[in-house]
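Structure incoming, see below.
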Amino acid sequence: MMPGGAAVDLYLCRPAAWQAWPDAELLAPLSAEERRRHQGLSQPARARQFLLSRYLLRQLLACRLGLEPAQLVLTEEAHGRPCLHHGALDFNLSHSGDWLILAVGTTRLGVDLEQTRRLGDPLALARRYCHPHELAQLQALPAAAQAPAFLRLWSLKEALLKAHGGGLQAGLARFALDLQRPIPRLHANQLDDQAYSLLHRQLGSLHLALACQQAELPPITLHMLTPGLEIRPLASPYSFPPFLNGEPT
C-alpha cells in the first residue's frame, strides 16, 4: 500500500466489498478500548462498520507514519472528536448509505458524505437549523433546486463542524456559508476565530464535503480503496470525474 503524497487524501470505499474479511483479522491491530467499543455495539451492521473503519484508518495512518497499525494511539478530544496522539497527521471519516470515506491530511480537517434522499420541506429544515443568510440563499432558488442545495449546504456544515471539533452541539446556526460561488466560502463565523476552506463535489448520488482549517484549500487527491488494501487514485487535485451509472466504481 502506497502512502498518499498530497496534503489531503480522501479514501472512498464500499464496505460491502470487504464482507469476506473475517472479524478476527480486522480486530487484530485494534486497541483494547476499540475492541471494548466494538463489543458494546448491539447492532451487527454498526459493529461491523466501526470495526472496518478503525481497521482501515489504522492501516492508512500507519503507512503514512512508517509504523505498525497496532502501534498507533488514537484518542479523543473534549467533545469526542477522534485524533491521533502522535500529532503528525489529522484524520476524519464519514459513512452514508453503502459508502465510507476516510480523510487523512497534514491540516486539521472534517469530511462528510450525504446520500441524496427525499426531503420533506428543505426551507423548513433551513429555518430550524441554518443561519438566516443561508436560508435567504435557499429561498432565492427555484423550488426544484432547493432540496439539492440544502443537502449540499448540510454536508458542508457537518464537515466544518467536524473540523472545528465541537460537533453538531456547537451550533449549526453559529456560522453561515456563502453558496453563490463555485467554491463555497465561510460568510460569518461565531464558532471560533479560525479560517476554513471548503470543497463540495457530487459523486453520483453522494454529496462529498471537505473542510480544512486554513484559508486556502490544500492539494487534494481522491482514491478508491479496495480489498487487498490497494489504493487507486481517481482524481487530483479538485476536479473529480463523473462515475459510471451514477455511482463510484
Side-chain angles (χ1 to χ4, degrees), residues 4 6-17 53 92-105 109-123 125-126 129-131 133-135 137-163 168 172 175-187 196-212 216-226 231-249:
V8 174
D9 288 282
L10 302 174
Y11 302 93
L12 186 67
C13 78
R14 192 192 290 267
S53 62
N92 207 237
L93 56 90
S94 181
H95 302 87
S96 186
D98 297 330
W99 292 95
L100 162 69
I101 194 161
L102 301 100
V104 179
L109 51 83
V111 69
D112 187 60
L113 276 185
E114 296 289 337
Q115 191 85 35
T116 298
R117 58 190 185 277
R118 287 183 176 273
L119 298 176
D121 184 347
L123 294 183
L125 292 170
Y129 295 112
C130 297
H131 190 281
H133 176 76
E134 296 164 338
L135 174 61
Q137 292 179 85
L138 292 173
Q139 288 174 322
L141 295 174
Q146 289 171 355
F150 178 83
L151 283 172
R152 178 182 181 226
L153 174 63
W154 185 269
S155 64
L156 286 163
K157 288 175 81 69
E158 283 226 41
L160 191 146
L161 284 174
K162 292 170 79 174
L168 292 178
L172 284 161
F175 65 99
L177 303 181
D178 187 350
L179 302 177
Q180 297 175 336
R181 57 180 72 194
I183 297 178
R185 293 284 182 180
L186 190 61
H187 173 79
Y196 291 91
S197 53
L198 301 161
L199 177 74
H200 173 274
R201 290 291 184 270
Q202 189 149 1
L203 307 178
S205 63
L206 293 172
H207 288 264
L208 165 62
L210 176 72
C212 297
E216 299 295 332
L217 278 171
I220 298 166
T221 304
L222 175 68
H223 311 265
M224 181 64 70
L225 186 58
T226 60
I231 297 175
R232 178 161 53 93
L234 293 177
S236 175
Y238 312 117
S239 180
F240 299 161
F243 293 96
L244 297 176
N245 302 320
E247 292 290 353
T249 58

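The basis for the numbers below is simple: all heavy atoms, side chains too, and nothing from hydrogens, waters or symmetry mates. Keep in mind that this is a model prediction, so the values were computed, not measured.
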Under the rule for side-chain hydrogen bond (donor to acceptor under 3.5 Å, both in side chains), what residues qualify as partners of Q137, not counting sequence neighbours? H133
Heavy-atom side-chain contact between C130 and L153 under 4.5 Å: yes
Quick check: do L177 and L160 have side-chain heavy atoms less than 4.5 Å from each other? yes
Taken in chain and number order and not counting sequence neighbours, the residues that satisfy side-chain contact (heavy atoms from CB on, under 4.5 Å) with A163 are Y196, A211
Partners passing salt bridge (charged side-chain N to carboxylate O under 4.0 Å, His left out) against K162 (at least two apart in sequence or in another chain): none
Nearest 0.5 Å please: distance from the OG atom of S94 over to the CG atom of L102.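 Interatomic distance, S94 OG to L102 CG, rounded to 0.5 Å: 9.5 Å.
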Return the CG to CD1 distance between L93 and I101, rounded to the nearest 0.5 Å.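 L93 CG to I101 CD1: 10.0 Å, rounded to 0.5 Å.
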Considering residues at least two apart in sequence or located in another chain, which fulfil the side-chain hydrogen bond (donor to acceptor under 3.5 Å, both in side chains) criterion with H200?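 H200 satisfies side-chain hydrogen bond (donor to acceptor under 3.5 Å, both in side chains) with H207 once adjacent residues are dropped.
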Quick one: salt bridge (Lys or Arg N to Asp or Glu O under 4.0 Å) pairs with a partner in residues 144-157, sequence neighbours left out? E134-K157
Return yes if some donor-acceptor pair links the side-chain N/O of S155 with the main-chain N/O of L208 below 3.5 Å, else return no.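 Side chain of S155 to backbone of L208, a donor-acceptor pair under 3.5 Å: no, none is there.
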Taking side-chain contact (heavy atoms from CB on, under 4.5 Å) as the definition, give me every residue that meets it alongside L168, ordered by chain and number, with sequence neighbours left out. E158, L161, L172
Using salt bridge (charged side-chain N to carboxylate O under 4.0 Å, His left out) as the criterion, list what pairs up with D178, not counting sequence neighbours. R181
Under the salt bridge (charged side-chain N to carboxylate O under 4.0 Å, His left out) test, which residues partner E114, sequence neighbours left out? R117
Residues which pass side-chain contact (heavy atoms from CB on, under 4.5 Å) with D98, listed by chain and number, not counting sequence neighbours: R14
Hey, what do you get for CZ (F150) to CG (L141), rounding to the nearest 0.5 Å? 13.0 Å
In chain order, what residues pass the side-chain contact (heavy atoms from CB on, under 4.5 Å) check against A140, with sequence neighbours excluded?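 Partners of A140 under the side-chain contact (heavy atoms from CB on, under 4.5 Å) test: none.
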